[in-house]
Number of protein chains: 2
Amino acid sequence: MLVSGTTGWDKSMSTRHALLNALVHGDASGYDLVKRFQPSAAHWWHPRPAQMYTELSRMEADGLVSGETVIQTKYPNKRVFSLTDAGRAELQRYAEVPSPPAEFKDELVIKMMGLDVADPAALLADLARRRKWCVERLRKDQSSVDAMLGERTADQYAAEADDLGEYLWRLRSIGLMQASVEWCDAVIGVIEARRSPANEQRTA
Amino acid sequence: MLVSGTTGWDKSMSTRHALLNALVHGDASGYDLVKRFQPSAAHWWHPRPAQMYTELSRMEADGLVSGETVIQTKYPNKRVFSLTDAGRAELQRYAEVPSPPAEFKDELVIKMMGLDVADPAALLADLARRRKWCVERLRKDQSSVDAMLGERTADQYAAEADDLGEYLWRLRSIGLMQASVEWCDAVIGVIEARRSPANEQRTA
DNA sequence: AAAATCATGTAATCGGTTACATGATTAT
DNA sequence: ATAATCATGTAACCGATTACATGATTTT
């Protein structure tokens, strides 16, 4: 598995509870979990391997998970983690704490602040890149959803499936990516309108 | 000004460049900038005062801004910052660095991971709260945009205005909030479908 | 032969958060 | 009287990132 490079990783979230929730569906090694949260496998948020390993150790120290070492001959030994009762209790507690509003962090928005004084060329290039990235992400998420659904309707899937989390995560991503693409187009439109304010003299 | 409490603050972004960009439009004290990025005044991202003050000092040490102390008798003295040439150069450099993909951090999405094993009651409450929050945010952003436009069309505004950053920031927020509300509704739908899988036997 | 897979971790650093401290002035 | 405004900061902490280190095995 290639870990850094390509498109790179995105940023932060509640790593501990993400790991806890991931272990609900079955025991896993740190390595398994790293893969499950990888950018290619997952979506728009990815804890880094370094932190996942440290967090797993901390969780073990806190008694939320227990790790058993599995000795392997051909490959390095691994530690397989499972939820403890305390872990499950913590998950329950967490479920009942109201979630804070989602956080959105977008450097492009910051750059927009300088738009009325800056040269828009660099911004246009940036917007085009961003738009492309979002379209690509959208395509991937959409095809994941299609693959998950198969022949079923969304309602059937909702009733039967056992990986609703994955599914809903992708739905979330799709919505955000659509909004992002539309925003890019709107901003490009604004910059164009500013560049050629021809239509001002038109109607009135 | 009341700083903490109420809905509270959201999280992180590139504080340094946000401050730099804010100073493009005119000199300002730390306090002015704190207000400009406040949740009520601004949008969905807000650096904390503590960090803005520290960051301004660091920027001054790095020569990107220069602060002049203004002595006041009735109120505490203040330091008014202005961009230096180095600061403007840094802003230019920053404009040319490609922006990384936007980051989205949403604890609700994490909670969804446990949906097929957990009791959905707590989640439903959480979703309802979230939905309400987003609708409210949406309303505020929408009325800000309306106020900015006034009698003008979007194209006219784009050609004339000198606060495009504020405007585009709100457009971004509106798109994200709309997507968020729709997602909440979709998830609620999924949970309902799961709770009463009545329609499975229907057509086929 | 080169690259990717399996598998885990440490150390240094950093950006950001929380909590706290101060105190005159003005508006409700 | 109470609360909010003006105005700035420090100290402790913490979650997360970057960079690095290891090395046999399997696939291309």
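Since the model is a prediction, treat every value here as computed from it, not as a measurement.
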| Which heavy atom of B:L23 sits nearest a heavy atom of B:A28, and at what distance? |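 That would be CD2-N, 3.7 Å.
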* Nearest heavy atoms of B:P98 and A:R129, plus distance in Å ->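 Taking B:P98 first and A:R129 second, the nearest heavy atoms are CB-NE, 3.4 Å.
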Provide, to the nearest angstrom, the distance between the [atom1] atom belonging to [X] and the [atom2] atom belonging to [N].
{"X": "B:K35", "N": "D:dA4", "atom1": "NZ", "atom2": "P", "value": "16 Å"}
{"X": "B:M52", "N": "D:dT10", "atom1": "CE", "atom2": "P", "value": "16 Å"}
{"X": "B:D62", "N": "C:dC14", "atom1": "CG", "atom2": "C1'", "value": "14 Å"}
{"X": "A:Q38", "N": "C:dA7", "atom1": "CD", "atom2": "C1'", "value": "14 Å"}
{"X": "B:I71", "N": "D:dA7", "atom1": "CD1", "atom2": "C1'", "value": "14 Å"}
{"X": "B:E55", "N": "D:dG9", "atom1": "CD", "atom2": "P", "value": "14 Å"}
{"X": "A:I110", "N": "C:dG15", "atom1": "CD1", "atom2": "P", "value": "14 Å"}
{"X": "A:R36", "N": "C:dA7", "atom1": "CZ", "atom2": "P", "value": "14 Å"}

Tell me whether the OP1 or OP2 atom of [N] has a side-chain N or O from [X] closer than 4.0 Å.
{"X": "B:R79", "N": "D:dG9", "result": "yes"}
{"X": "A:R16", "N": "D:dG15", "result": "no"}
{"X": "A:Q72", "N": "C:dA7", "result": "yes"}
{"X": "A:R58", "N": "D:dG15", "result": "yes"}
{"X": "B:Y31", "N": "D:dT8", "result": "no"}
{"X": "B:T54", "N": "C:dG16", "result": "no"}

Mapping B:Y53 and A:A50 onto DNA chain D by nearest heavy atom, which one lands closer to the 5' end?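 Residue closer to the 5' terminus by nearest nucleotide: B:Y53.
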Side-chain donor-acceptor pair present, [X], [Y], cut-off under 3.5 Å:
{"X": "A:Q178", "Y": "A:E182", "answer": "no"}
{"X": "B:S143", "Y": "B:D146", "answer": "no"}
{"X": "A:R172", "Y": "B:S180", "answer": "yes"}
{"X": "A:D116", "Y": "B:H25", "answer": "yes"}

Query raised in the report: Would a line drawn from the ring center of B:Y94 to the ring center of B:H17 be shorter than 6.0 Å?
Result: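 They qualify: ring centres under 6.0 Å apart.
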Closest listed nucleotide, where the reference is the side chain of [X] and the choices are [options]:
{"X": "B:P76", "options": "C:dT8, C:dG16, D:dA7", "value": "D:dA7"}
{"X": "A:Q51", "options": "D:dT8, D:dG15, C:dC6", "value": "D:dG15"}
{"X": "A:Y75", "options": "C:dT26, D:dT25, D:dT8", "value": "D:dT25"}
{"X": "A:K78", "options": "D:dC6, D:dT18, C:dT8", "value": "C:dT8"}

Return the 5'-most residue of the pair A:N77, B:K74 with respect to DNA chain C, ranking by each residue's nearest nucleotide.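 This one resolves to A:N77.
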Inter-axis angle, terminal five-pair segments of the helix from C:dA1-D:dT28 to C:dT28-D:dA1 [nearest 10°]
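That helix gives 60° between its end axes.
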Listed pairs under 3.5 Å, donor-acceptor, residues 65-73 of chain B side chains, sequence neighbours left out:
residue : atom : partner : partner atom : Å
B:S66   : OG   : B:S82   : OG           : 3.4
B:Q72   : NE2  : B:P76   : O            : 2.7

